Engineer: 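Right, I'll just put the structure down here and ask away after.
Values below: all heavy atoms of this structure, side chains included; hydrogens, waters and symmetry mates excluded. The model shown is predicted, which means the values in this text are computed figures rather than measured ones.
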2 protein chains.
Amino acid sequence: MSVEAVNEHVSDVCAAGDPSEAPGITLTGLVFETAGGLRRALAPGIESELGLGGLALEVLVRLERSPGTRLRMIDLAAQTGLTPGGLTRAIDRLANAGFVCREACPDDRRGAFAALTPLGRTRTDEALRRHERDIEALIAGVLDTSETETLVALLRRLRDRVRPEAARVTGDSEAPKTVPPS
Amino acid sequence: MSVEAVNEHVSDVCAAGDPSEAPGITLTGLVFETAGGLRRALAPGIESELGLGGLALEVLVRLERSPGTRLRMIDLAAQTGLTPGGLTRAIDRLANAGFVCREACPDDRRGAFAALTPLGRTRTDEALRRHERDIEALIAGVLDTSETETLVALLRRLRDRVRPEAARVTGDSEAPKTVPPS
DNA sequence: GGAAAATGATTGCTTGGGCAATAATTGCTG
DNA sequence: CAGCAATTATTGCCCAAGCAATCATTTTCC
């Protein structure tokens, strides 16, 4: 938040180099440092594609991959790990940019959907392609295919413990049964 | 990181679940999601030990493990991934809390050292022990020893590509030769 | 030696997101 | 059915950190 920004921007250990240290400290330290480094390196590309930050891209991608390319605000907040207030602000920015719009929820008047606009969809695809190229360029040669698969599998287990809601790619917040997917 | 969150609050892909996706996208998504989840889970412990965020703990630990338990501001910024301005603020907070003090640099009047105080050292050790317990409690049973070692080794390679300066645990910014380590 | 360029720390301004409060709505219970 | 608790999205306030500007100092180059 950094972000990680960092607070992902929270990185709390230089122990990522001390061999006598508890493995948990080393592991978390490496995760935070890696996240911080990736964010800093990839942010400019996302900024130039969307004029927004990395979390905006995550929101857009999650919407794109949800039924009707929309999600309930409360579900989107849970998936992204933002508080409701944080998500409100993020959707405000995305709506101002024309990538997202808000739709009322007929089943629950407290709630609202965040939905991708046609422009949002186009820009999401473009940004994601750019993002992918940036990532490949950044980490080329570090790990081979097998190592990457191993890392992904192990990281996924750790992620599933600390952020299970993030795995909800298609979401359960489906469009109401009375409205066909758009 | 919050601070983070930083933007580490940056998490940019829900693709961490899509099997047809580019491996780089999946991998970075998992890193960001894991980092965000760890931060959110571990922040309260650090807050209750230090009254500060996770990055403050990282700063303290890096100082503790540097010659003379101090580091040049510019080196500390590079290691933590903070901008000079961001580090200035962080050191301000740590100095206000009595954990850190600033020392002039005789060899270069532009520069300053951030040095751990005795109180800072005590509190760092306590906070680190607490942190370690929190981590172990959080991720108990997710990975066995071998899997953890594998994950650490692979992550370290990725980290070394995206954040090489973070690996400088003891730093090169040694105390000037004319001053013995304190 | 002196001018220009580079460096290091700080500061003003801005951005993004958390926390707590709020209002409207919904679900649960007697 | 009514009251209460829980839920949902938003908003005011605040915090942390990035960016750019600034100033003092050091390094580089002619």
Engineer: In whole angstrom, give the distance that lies between atom CG of Leu57(A) and atom C1' of dG16(C).
Structural biologist: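 Atom-to-atom, Leu57(A) to dG16(C), this comes out as 16 Å.
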Engineer: Please name all residues satisfying salt bridge (Lys or Arg N to Asp or Glu O under 4.0 Å) with Glu132(B), sequence neighbours left out, ordered by chain then number.
Structural biologist: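 Residues passing salt bridge (Lys or Arg N to Asp or Glu O under 4.0 Å) with Glu132(B): none at all.
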Engineer: For Leu52(B) and dA17(D), give me the distance from atom CG to atom C1', rounded to whole Å.
Structural biologist: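 My rounded result for the distance is 15 Å.
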Engineer: Quickly work out the Leu82(B) CG to dT10(C) P distance and round it to whole Å.
Structural biologist: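 About 13 Å, once rounded to whole Å.
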Engineer: Indicate for each nucleotide in nucleotides 4-12 of chain D, in 5' to 3' sequence, whether protein heavy atoms under 4.0 Å reach the base (B), only the sugar-phosphate (S), or nothing (-).
Structural biologist: --BBSSBBB
Engineer: How long is the line joining CG of Leu55(B) and P of dC15(D), in whole Å?
Structural biologist: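 Leu55(B) atom CG is separated from dC15(D) atom P by 17 Å.
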Engineer: For Asp107(B) and dT27(D), what is the distance between atoms CG and C1' respectively, to the nearest whole Å?
Structural biologist: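 To the nearest whole Å, that distance equals 15 Å.
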Engineer: Quick one: does any side-chain atom of Arg70(B) pair with a main-chain N or O of Leu63(B) as donor and acceptor, under 3.5 Å?
Structural biologist: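 No.
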Engineer: Output all residues satisfying salt bridge (Lys or Arg N to Asp or Glu O under 4.0 Å) with Glu47(A), sequence neighbours left out; order by chain, then residue number.
Structural biologist: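 Checked Glu47(A) against salt bridge (Lys or Arg N to Asp or Glu O under 4.0 Å); zero matches.
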Engineer: Distance alone, cut at 3.5 Å: any donor-acceptor contact between the side chains of Ser48(A) and Arg130(A)?
Structural biologist: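 Yes, side-chain donor-acceptor contact under 3.5 Å.
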Engineer: To the nearest Å, give me how far apart CZ (Arg109(A)) and C1' (dA24(C)) are.
Structural biologist: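 Roughly 9 Å, once rounded to whole Å.
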Engineer: Can you tell me which residue among Arg163(A), Arg159(A), Arg161(A) is in a salt bridge (charged side-chain N to carboxylate O under 4.0 Å, His left out) with Glu33(B)?
Structural biologist: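 So, applying the salt bridge (charged side-chain N to carboxylate O under 4.0 Å, His left out) to Glu33(B) and each of Arg163(A), Arg159(A), Arg161(A), only Arg159(A) qualifies.
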Engineer: Hey, is Arg157(A) close enough to Glu147(B) for a salt bridge, meaning N to O under 4.0 Å?
Structural biologist: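 Result for this pair is yes, salt bridge flagged.
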Engineer: Between side-chain atoms of residues 109-119 of chain A and protein atoms elsewhere (two or more places apart, or another chain), which donor-acceptor pairs fall under 3.5 Å?
Structural biologist:
unit_1	atom_1	unit_2	atom_2	d
Arg110(A)	NE	Asp108(A)	OD1	3.1
Arg110(A)	NH2	Asp108(A)	OD2	3.1
Thr117(A)	OG1	Gly98(A)	O	2.6
Thr117(A)	OG1	Phe99(A)	O	3.0
Thr117(A)	OG1	Gly120(A)	N	2.9

Engineer: To the nearest 10°, give me the bend of the helix from dG1(C)-dC30(D) to dG30(C)-dC1(D), comparing the axes of its five terminal pairs at either end.
Structural biologist: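 So the angle between the two local helix axes works out to 30°.
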Engineer: Could you state the atom-to-atom distance from CD of Glu47(B) to P of dG18(C) in whole Å?
Structural biologist: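 Interatomic distance, CD of Glu47(B) to P of dG18(C): 15 Å.
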Engineer: Donor-acceptor pairs under 3.5 Å, side chain of residues 84-94 of chain B to any protein atom, not counting sequence neighbours: which ones?
Structural biologist:
unit_1	atom_1	unit_2	atom_2	d
Thr88(B)	OG1	Pro84(B)	O	3.0
Asp92(B)	OD1	Arg102(B)	NH1	3.1
Asp92(B)	OD1	Arg102(B)	NH2	2.9

